[in-house]
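What follows is a set of notes on a single structure, which appears directly below.
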Amino acid sequence: MKENTSKLLILYASQTGNALDAAERIGREAEHRGCTVKVFSIDEFDASFLPHEDTVIFVVSTTGQGDPPDSMKVFWRFLLQRNLSRHWLEGVHYAVFGLGDSSYQKYNVTLLVVLNY
Ligand SMILES: Cc1cc2nc3c(=O)[nH]c(=O)nc-3n(C[C@H](O)[C@H](O)[C@H](O)COP(=O)(O)O)c2cc1C
């Protein structure tokens, strides 16, 4: 069988721990399938290095009144800067997994903002 040597970066943004749990679970599943996995809180990773990654999974929750978790504030500002090209993640395989609750008016807003890039 061909060995899977894919490198996967998982970045999570969590307020109360659920996104962390989900990120670690995804990481374990990927490792079982032969991927080399790194899991970081989003505030531990310099976003300017993202275009150099091969595959990234964002696991992000929404908190407050449609706000990103505290750990995501810096990354959030990075995403909203005016001069950030819409193509900045071109060439990177990425997926976004959002945790939210549909009883809130601003359901899963963090996911939607990250997906927009
Ligand atoms: C105080 C509070 C505010 C929340 N606000 C929202 C919200 O505005 N939109 C939403 O979709 N979910 C909201 N949620 C639901 C969370 O996104 C959901 O519980 C999620 O699993 C939390 O993930 P975390 O533990 O990684 O932060 C809120 C939850 C709490 C406790």
Side-chain angles (χ1 to χ4, degrees):
M1 196 169 72
K2 193 175 161 218
E3 197 184 343
N4 183 349
T5 55
S6 302
K7 287 184 189 162
L8 173 64
L9 171 66
I10 302 174
L11 296 179
Y12 64 88
S14 182
Q15 195 69 20
T16 60
N18 293 338
L20 163 63
D21 291 345
E24 289 182 337
R25 184 168 174 182
I26 294 166
R28 283 194 300 275
E29 295 280 344
E31 275 175 351
H32 284 149
R33 287 162 175 74
C35 293
T36 303
V37 181
K38 293 178 289 184
V39 182
F40 292 116
S41 174
I42 205 156
D43 58 354
E44 295 171 341
F45 192 86
D46 184 340
S48 64
F49 289 119
L50 275 175
H52 305 294
E53 294 292 327
D54 179 43
T55 307
V56 184
I57 299 179
F58 297 91
V59 186
V60 295
S61 67
T62 299
T63 190
Q65 301 296 319
D67 301 315
D70 293 339
S71 61
M72 196 168 170
K73 296 271 157 77
V74 171
F75 186 72
W76 191 257
R77 279 199 296 276
F78 180 90
L79 283 181
L80 297 179
Q81 54 183 314
R82 276 166 194 248
N83 58 356
L84 186 66
S85 161
R86 291 262 152 192
H87 305 288
W88 78 293
L89 284 184
E90 215 165 59
V92 180
H93 301 99
Y94 74 95
V96 189
F97 177 49
L99 287 84
D101 181 335
S102 58
S103 64
Y104 285 87
Q105 197 180 3
K106 294 185 175 172
Y107 174 51
N108 235 328
V109 165
T110 313
L111 162 86
L112 296 176
V113 170
V114 178
L115 259 190
N116 210 18
Y117 288 85

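As the structure lists them, so they are numbered: ligands from 1, and atoms in each ligand from 1. For the single chain, residues carry numbers from 1 onward in sequence order.
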Can you label the angle between the Phe49 ring and the His52 ring as parallel, tilted or perpendicular, going by 30° and 60°?
tilted
Between atom CD of Glu53 and atom CG of Leu11, what is the distance when rounded to the nearest 0.5 Å?
8.0 Å
So, does Gln81 use its side chain to make a donor-acceptor pair with the main chain of Phe78 at under 3.5 Å?
yes
Could you identify which residues cluster with Val74, counting Ile, Leu, Val, Met, Phe, Trp and Tyr as linked when any side-chain heavy atoms lie under 4.5 Å apart, either directly or through a chain of such contacts?
none
Less than 4.5 Å apart, side chain to side chain, heavy atoms only: is that true for Phe58 and Ile42?
yes
List by chain and number: which residues place a heavy atom under 4.0 Å from ligand 1?
Ser14, Gln15, Thr16, Gly17, Asn18, Ala19, Ser61, Thr62, Thr63, Gly64, Gln65, Gly66, Leu99, Gly100, Asp101, Tyr104, Lys106, Tyr107, Asn108
If you measure only the distance, is there a donor-acceptor pair under 3.5 Å linking the side chains of Thr110 and Thr62?
yes
